[in-house]
Amino acid sequence: MTGKFKAIGLIILVLFAFTLFAGCTGNDTGQTGEQTTATTPTPTTGTESKGEVSIGYVLWDSEIASTNVLKQAFEKAGYDVELYAVDAGPLYQALADGDVDCSVSAWLPSTQANYWDTYGNDIDLVGRNMEGTKIGLVVPTYVTIDSIEELNGVADQFDSTITGIEPGAGIMQNTEEAIDEYSLDYTLLSSSSAGMTAELAKAYKDEDWIVVTGWTPHWMFSRYDLKYLDDPKEVYGGDEYIATLARQGLKEDKPEVYAILQNFNWTADDMSSVMLDIEGGASEDEAAAAWIEANENTVNGWIS
């Protein structure tokens, strides 16, 4: 009997050692598994994405503001969002080709009229997201002329230069037309939205004369005393509106996304507050998040 118990004891000892070894191995595997799970968690009901939404936009300060606010509204509604910053022409083509879902960056009826004429038949005009916008040539109020017609008489004070933004922007094409219509002896300098405002800030500080391509809403009208030059030939049109566009078929493919786009609407003051935060040093995400937090009821109305 004693030998038998010794044998049994030996077997139990071996089994215990094996179990202990297996348990240690199992703990290592479990830790690795926990790290993997933490890195790529399995979605749970109520938190999993409703799908993806792609938004195209142009790099105007105004459209950076609106697009980032809309992005976070979609995320609040449960969607993953991809943003694509492009010039106006490629943006309209991408919408017409179905390569992006939507945009809230369409300035109509004049600013981007040529793009709408080219691609409009293949794009869904969802609606207007802001009324009463405007474009034109802008100067500081200390400049003593009030009309585009007066520009040639003071060309030397402006160095015969109009400071513009991205060459593909609709307002740049309007300005080329204005140079022809008014027979202006001026060169249109292509730059960027940020480049234009940097030149404006530099000139304004020294009260130098400068004429820039401008639009409302824009934070520069809050920061500086500016005025539009009268446009008697209406090259820049009258009041504009900002439209929401979608690819054809979005309404059927993603009806909730389309409904949010239909609901998206805000004011020039709303947009300006986001732009001012960004210009003041906040990131685009931070500025959009701050506005959404302060306007929770409005955003809930868009996504409900």
Side-chain angles (χ1 to χ4, degrees), residues 58-65 107 110-111 130 132-240 267-284 287:
V58 294
L59 285 172
W60 288 22
D61 292 335
S62 52
E63 306 322 306
I64 291 171
W107 282 60
S110 299
T111 308
M130 185 177 295
T133 58
K134 181 180 174 67
I135 65 169
L137 293 183
V138 173
V139 297
T141 54
Y142 57 74
V143 169
T144 58
I145 65 168
D146 297 304
S147 173
I148 296 175
E149 292 180 315
E150 300 176 77
L151 280 171
N152 275 341
V154 288
D156 57 333
Q157 292 186 258
F158 289 111
D159 292 328
S160 298
T161 300
I162 299 170
T163 302
I165 57 172
E166 294 82 3
I171 194 173
M172 294 292 279
Q173 297 184 16
N174 290 105
T175 303
E176 293 285 6
E177 183 181 347
I179 289 172
D180 291 338
E181 287 290 323
Y182 289 97
S183 300
L184 299 179
D185 188 20
Y186 278 71
T187 299
L188 176 58
L189 178 64
S190 297
S191 180
S192 64
S193 178
M196 178 271 289
T197 53
E199 289 300 313
L200 174 62
K202 187 188 306 181
Y204 194 90
K205 180 180 180 182
D206 297 328
E207 292 196 4
D208 291 335
W209 283 32
I210 187 171
V211 54
V212 302
T213 55
W215 60 94
T216 308
H218 194 288
W219 61 263
M220 65 185 179
F221 287 92
S222 298
R223 182 61 53 84
Y224 312 115
D225 290 327
L226 305 172
K227 63 184 178 182
Y228 283 97
L229 293 178
D230 292 339
D231 175 22
K233 296 187 178 183
E234 297 186 348
V235 174
Y236 292 97
D239 282 349
E240 295 272 279
T267 69
D269 287 342
D270 291 328
M271 180 184 277
S272 294
S273 70
V274 179
M275 285 192 288
L276 278 169
D277 282 351
I278 295 172
E279 194 275 333
S283 70
E284 296 160 10

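We number each residue from 1, following the sequence as shown.
- Glu166 places no side-chain N or O within donor-acceptor distance of the main-chain N or O of Ser191, the cut-off being under 3.5 Å.
- Expressed to the nearest 0.5 Å, how far CZ of Arg223 lies from NE2 of His218 amounts to 11.0 Å.
- Using a 30° and 60° split on the angle between ring planes, Trp107 and Trp215 fall in the perpendicular class, above 60°.
- Distance OH/Tyr224 to NZ/Lys205: 10.5 Å, rounded to 0.5 Å.
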ask   = Can you list the steps and then say if Lys134 with Asp239 is a salt bridge (Lys or Arg N to Asp or Glu O under 4.0 Å)?
value = CA-CA 5 Å; Lys134 181 180 174 67; Asp239 282 349; 5.8 Å; no
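- Under the 4.5 Å side-chain criterion, counting only non-hydrogen atoms from C-beta, Val211 is not in contact with Val138.
- When atom types are taken as modelled, the side chain of Glu199 and the backbone of Gly195 share no donor-acceptor pair closer than 3.5 angstrom.
- Residues Pro140 and Ile210 meet the side-chain proximity criterion, which asks for heavy atoms closer than 4.5 Å.
- Taking CE of Met172 as the reference point, atom CD1 of Ile135 lies at 12.0 Å (rounded to 0.5 Å).
- A side-chain donor-acceptor contact under 3.5 Å links Glu240 to the backbone of Ser110.
- For the atom pair OG1 (Thr163) and CG (Leu188), the distance works out to 8.5 Å, reported to the nearest 0.5 Å.
- Cation-pi geometry between Lys233 and Tyr182 is met: under 6.0 angstrom from the ring centre, within 45 degrees of the axis.
- Residues Ser192 and Leu59 are not in side-chain contact: their nearest non-hydrogen atoms beyond the backbone lie 4.5 Å or more apart.
- A heavy-atom distance below 4.5 Å is not found between the side chains of Leu189 and Ile162.
- Residues Ile64 and Ile278 are in side-chain contact: their nearest non-hydrogen atoms beyond the backbone lie under 4.5 Å apart.
- The distance from the CH2 atom of Trp60 to the CE atom of Met275 is 11.0 Å, given to the nearest 0.5 Å.
- Side chain of Thr197 to main chain of Ser193: a donor-acceptor pair is present (N/O by atom type, distance under 3.5 Å, no hydrogens or angles).
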task = Apply the test side-chain hydrogen bond (donor to acceptor under 3.5 Å, both in side chains) to residues Ser272 and Asp269: give CA-CA distance (whole Å), side-chain angles for both, the deciding distance (0.1 Å), then the verdict.
result = CA-CA 5 Å; Ser272 294; Asp269 287 342; 5.3 Å; no
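- In this structure, the side chain of Gln173 does not engage the main chain of Gly170 through any donor-acceptor pair within 3.5 Å.
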task = Begin with the C-alpha distance, continue with both residues' side-chain angles, and end with the deciding distance and a verdict on side chain to side chain contact (heavy atoms under 4.5 Å, CB included) for Leu226 and Thr141.
result = CA-CA 5 Å; Leu226 305 172; Thr141 54; 5.5 Å; no
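- To the nearest 0.5 Å, atoms NZ (Lys227) and CG (Asp146) are separated by 4.0 Å.
- Checked against Trp209 for a ring-ring contact (aromatic ring centres under 6.0 Å, His included), the options Phe158, Tyr204, Tyr142 give a single hit: Phe158.
- Using modelled atom types, no side-chain atom of Asp185 and backbone atom of Asn152 make a donor-acceptor pair closer than 3.5 Å.
- Across Met271 and Pro217, no two heavy atoms sit closer than the pair SD-CG, 3.3 Å.
- Side-chain contact between Ile165 and Val212: absent, with no pair of heavy atoms (C-beta onward) separated by less than 4.5 Å.
- Annotation: side chain of Val139 is in contact with side chain of Leu229 (closest heavy-atom distance under 4.5 Å).
- Judged by distance alone, the side chains of Thr111 and Tyr236 never bring a donor and an acceptor atom under 3.5 Å apart.
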task = Give the intermediate values and the outcome of side chain to side chain contact (heavy atoms under 4.5 Å, CB included) for residues Thr187 and Ile179.
result = CA-CA 8 Å; Thr187 299; Ile179 289 172; over 6 Å; no
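- Between Glu279 and Asp61 the shortest side-chain heavy-atom distance does not fall below 4.5 Å.
- Tyr186 places no side-chain N or O within donor-acceptor distance of the main-chain N or O of Asp159, the cut-off being under 3.5 Å.
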